[in-house]
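Here the structure is a predicted model, which is why all the values come from computation and not from measurement.
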Amino acid sequence: MRQRRFDDALRGCKSFLDRPKLAGRANARLAIAEGMRSEGAAAPPASIHHAEQAARLQDPLGELVHAIHILNGDGRAAELSVDEAVRLLGRAQQGGVAAAKAMLEQLDGDQQCRQQARVQLFEQAVFCMRRGELRQALRAQGLREQDSSGDGERDVFAVGHKLPGARQLVVSYMRGAQSRLLQVAELSYRFPAQGPAELAATSQRLRGALQSKYGQTLGDTARWRSEDGVDIELRPQPGQELLLSYRIAERVAVRDEQQRRKVQLAAERLVALTARAL
């Protein structure tokens, strides 16, 4: 019943797409509705398309949704810049969309974060960047994107020769509760399996570089904490592999809770579907 009503609402909105005075508003509502229907997955192409059309027609709500797609690196919106997102949010704010002001304040906070950032990978203040901007920056540095999770909350890049010995850089994100913007929670370099002597040499090389950059370890460990609150850890993995991780504990906790809740909701939907069929 709920799905039927949802589909009826979508059809109702689509009936206004060919009316010039209402097309912008209809596209904006369709962009939101299609995004809601994805249920935690990456933004569907239909949502991105309708948001683009609504923004083109200068609908304030559509401009907000289009800006979110840009900042989150969704689909073809990922090709656009943060400056374009800021421009759209400014127009949305002028059009009376209260959420646009809050997002602009968050982006101002990102700029302040950059000025204070002590952890920079490839000269990028990665923990001060949204997903769309980070992906652009890493590709510009020569990293090749290998994989992305269906919900857009995890990206995997091939490091190439940018960090000798590393195989991959894995980035995971938390999603803002109100804004729905993706923000970096953790980055991890993965080093492939090596023989004991090579593993020890790689570990020593990395540990020396980290000490020179972040100072002494926390006690008798291979862990550091930067002045801006990033936890850094170098640890062995099963199969003679190494992992070098950078994380902000508060964001990782939010990410983990969001993932737990997503799994729980999926299980509840499965139970409901099963009960209805029996």
Side-chain angles (χ1 to χ4, degrees), residues 2-20 22-89 91-92 95 97 99-100 103 129-140 143-157 171-176 178-184 258-259 262 265-266 269:
R2 181 179 179 184
Q3 183 62 44
R4 191 181 311 142
R5 290 176 177 174
F6 192 85
D7 291 340
D8 289 343
L10 285 178
R11 282 192 290 272
C13 282
K14 289 177 180 177
S15 68
F16 293 101
L17 292 178
D18 57 353
R19 302 188 185 184
L22 298 175
R25 181 177 297 180
N27 272 293
R29 270 61 182 180
L30 283 166
I32 294 172
E34 293 288 358
M36 292 173 59
R37 187 156 65 172
S38 69
E39 296 184 336
S47 177
I48 298 168
H49 167 75
H50 286 301
E52 287 176 342
Q53 295 303 310
R56 183 177 61 81
L57 295 168
Q58 299 184 359
D59 178 84
L61 185 58
E63 289 167 332
L64 171 76
V65 179
H66 191 27
I68 292 173
H69 286 320
I70 294 171
L71 293 168
N72 281 346
D74 293 330
R76 63 191 182 203
E79 300 171 6
L80 302 177
S81 68
V82 173
D83 289 342
E84 175 63 10
V86 170
R87 185 188 72 82
L88 289 166
L89 289 172
R91 289 182 56 86
V97 180
M103 288 190 191
M129 304 170 77
R130 306 291 164 167
R131 178 178 183 248
E133 184 183 15
L134 177 62
R135 292 173 72 204
Q136 289 182 354
L138 292 177
R139 287 196 294 262
L143 277 69
R144 179 173 56 85
E145 194 164 355
Q146 289 184 318
D147 192 22
S148 179
S149 63
D151 54 13
E153 295 175 4
R154 180 177 177 273
D155 294 318
V156 181
F157 295 86
V171 187
S172 66
Y173 308 87
M174 56 158 274
R175 192 179 292 273
Q178 300 299 323
S179 69
R180 310 304 295 162
L181 294 179
L182 291 169
Q183 194 169 25
V184 177
Q258 290 173 343
Q259 291 296 328
K262 190 177 299 182
L265 289 174
R269 285 195 296 270

Exercise for the section: Identify the two heavy atoms, one from Pro60 and one from Gly95, that lie closest to each other, and give their separation to 0.1 Å. Expected result: CG-CA, 3.8 Å

Problem - Residue pair Arg76 / His49, side-chain heavy-atom distance below 4.5 Å - result: yes

Practice task
Nearest 0.5 Å please: distance from the OG atom of Ser172 over to the CD atom of Gln183.
Solution key: 12.0 Å

Practice task
Report the C-alpha distance between Leu61 and Ile32 in whole Å, list the side-chain angles of each, state the deciding distance to 0.1 Å, and finish with yes or no for side-chain contact (heavy atoms from CB on, under 4.5 Å).
Solution key: CA-CA 9 Å; Leu61 185 58; Ile32 294 172; 3.5 Å; yes

Practice task
Any chance you could measure Leu30, atom CG, to Gln53, atom CD, to the nearest 0.5 Å?
Solution key: 11.0 Å

Handout entry: Donor-acceptor pair between Arg139 and Gln136 side chains, under 3.5 angstrom
Key = no

Problem - Matching residue for Leu88 among Leu64, Leu80, Ile68, Ile70 - test: side-chain contact (heavy atoms from CB on, under 4.5 Å) - result: Ile70

Exercise for the section: Report the distance from atom CZ of Phe157 to atom CD of Gln146, rounding to the nearest 0.5 Å. Expected result: 10.0 Å

Exercise for the section: Would you check if the side chain of Gln258 reaches a backbone N or O of Arg175 as a donor-acceptor pair within less than 3.5 Å? Expected result: yes

Problem - Check: Arg131 and Asp155 side chains under 4.5 Å, non-hydrogen atoms - result: yes

Fill in the blank from the handout: Rounded to the nearest 0.5 angstrom, the CZ-CG distance for Arg29 and Asp59 is 6.0 Å

Practice task
Taking atom types as modelled, find out whether Glu153 and Gln259 have a side-chain donor-acceptor pair closer than 3.5 angstrom.
Solution key: yes

Handout entry: Which atom of Ala137 lies closest to which atom of Met129, heavy atoms considered
Key = CB-CE, 3.8 Å

Completion exercise
What one should report as the nearest heavy-atom pair of Ala28 and Ala54 is N-CB, 3.6 Å

Problem - Asn72 side chain vs Arg180 backbone, donor-acceptor pair below 3.5 Å - result: yes

Practice task
Supply the atom-to-atom distance His66 NE2 to Glu84 CD, rounded to the nearest 0.5 angstrom.
Solution key: 6.0 Å

Problem - 4.5 Å side-chain heavy-atom contact, Val184 and Leu134 - result: yes

Practice task
Work out which heavy atom in Ala100 is nearest to a heavy atom in Ala92; give both atom names and the distance.
Solution key: CB-CB, 3.8 Å

Fill in the blank from the handout: Of all heavy-atom pairs linking Arg135 and Tyr173, the shortest is CG-OH, 4.2 Å

